[in-house]
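This report concerns only the one structure given below.
One-based numbering, in listed order, for ligands and for the atoms of each. Computed from heavy atoms alone, side chains included, the values below leave out hydrogens, waters and symmetry copies. For clarity, every value in this text was computed on a predicted model and none was experimentally measured.
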Amino acid sequence: MRLENYAIRVWSFVAIIWLLRDSHALFKFTNIKCTCYEKSYCELRRCELKLLGRGIVALFLHIQNNQLPINTSVFTLTLFRRLNGYKPFLYNVTVDNCSFMKHKKRYPYFNLVHDAMRNFTNLNHTCPYSHDIIVNRMVLNDNMMAKLPLPTGFYKLKFNWKTGGVWRGVIEVFVEVNLGFD
Ligand SMILES: *[C@@H]1O[C@H](CO)[C@@H](O)[C@H](O)[C@H]1NC(C)=O
Ligand SMILES: *[C@@H]1O[C@H](CO)[C@@H](O)[C@H](O)[C@H]1NC(C)=O
Ligand SMILES: *[C@@H]1O[C@H](CO)[C@@H](O)[C@H](O)[C@H]1NC(C)=O
Ligand SMILES: *[C@@H]1O[C@H](CO)[C@@H](O)[C@H](O)[C@H]1NC(C)=O
Ligand SMILES: *[C@@H]1O[C@H](CO)[C@@H](O)[C@H](O)[C@H]1NC(C)=O
């Protein structure tokens with residue numbers, strides 16, 4: 001009896017390792033949509049996904065800011081899951097006044113997303129921002145999935161930002177989570 005349990009445990013351990021190794025099937029970008037509401041405030045230079053090869057999808061984003069510097073802002077980040085249309089799912093976070101970079105611990109979910117982006121963006125410092133916003137060749141990896149376990153499915157991350165009391169734009173990133181079963 002004891003031996004049987006042991007065997008099952010070892011098998012599932014091996015299975016999990018195998019799933020994590022096949023990272024590109026686990027978690028990938030499927031689409032991106034960007035909108036800047038007012039050209040006098042911001043313009044999109046780039047907003048696209050590119051297949052780098054063998055299921056590896058990279059995200060490229062370049063928002064040109066036409067009114068600098070950005071001193072105060074509000075970000076909201078909402079997660080949706082596709083069931084019968086996209087429905088809000090688990091997270092809806094609002095970060096005021098660029099407070100995120102100063103108080104990362106207060107925003108654990110935002111922090112996860114930031115951690116995943118940090119190596120690929122110039123938005124990884126505190127306000128004010130006096131430059132364009134760039135995300136270059138961002139790819140998803142196993143670490144992010146391990147920290148944010150989600151069931152197999154299709155998701156949308158919606159990112160909205162506001163400065164001077166006015167909503168400036170929205171970026172929607174679509175992600176597929178495929179754990180290889182279900
Ligand atoms: C941002 O702050 C700088 C210096 O602190 C100031 O010169 C500038 O006018 C501010 N910009 C806005 C849009 O409030
Ligand atoms: C998320 O939170 C913001 C601010 O509290 C709110 O305006 C928005 O309606 C919420 N979105 C969803 C989908 O619940
Ligand atoms: C953000 O900062 C501005 C200027 O410092 C202030 O007027 C405003 O009340 C702050 N908003 C929040 C939500 O803290
Ligand atoms: C970011 O880069 C560091 C150093 O190269 C690396 O250890 C870390 O895993 C990277 N993080 C992500 C999310 O790619
Ligand atoms: C911010 O991103 C740049 C590359 O865009 C990188 O060189 C730098 O180490 C990053 N800083 C932090 C704090 O992650």
### Query
Protein heavy atoms: any of them under 4.0 Å from atom 2 (O) of ligand 4?
yes

### Task
Any atoms of ligand 4 less than 4.0 Å from a non-hydrogen atom of N119? List them with their elements.
1 (C), 2 (O), 3 (C), 8 (C), 10 (C), 11 (N), 12 (C), 14 (O)

### Task
Under 4.0 Å from a heavy atom of D115: give me the atoms of ligand 4 that qualify, with their elements.
13 (C)

### Query
Is N92 in polar range of ligand 2, meaning some N or O pair under 3.5 Å apart?
yes

### Query
If we only count heavy atoms from C-beta on, is the V93 to Y107 side-chain gap below 4.5 Å?
yes

### Query
Going by heavy atoms in the side chains, are I63 and I171 under 4.5 Å from each other?
yes

### Query
Pick one: which of F110, Y109, Y155 meets ring pair (Phe, Tyr, Trp, His ring centres under 6.0 Å) with Y91?
Y109

### Task
Measure the spacing between CE of M138 and CZ of F29 and express it to the nearest 0.5 Å.
4.0 Å

### Message
In the complex you have, is atom 9 (O) of ligand 2 within reach of the protein, judged by whether a heavy-atom distance drops under 4.0 Å?
### Response
no

### Protein contact of atom 4 (C) of ligand 2 - nearest heavy atom, named by residue and atom, plus distance
T94 OG1, 3.6 Å

### Summary
for atom 13 (C) of ligand 2, nearest protein heavy atom and its distance come out as P88 CG, 3.7 Å

### Task
Return yes if a side-chain donor-acceptor contact under 3.5 Å exists between Y41 and T163, otherwise no.
yes

### Query
Do I32 and M117 share a hydrophobic cluster (ILVMFWY, side-chain heavy atoms under 4.5 Å, transitive)?
yes

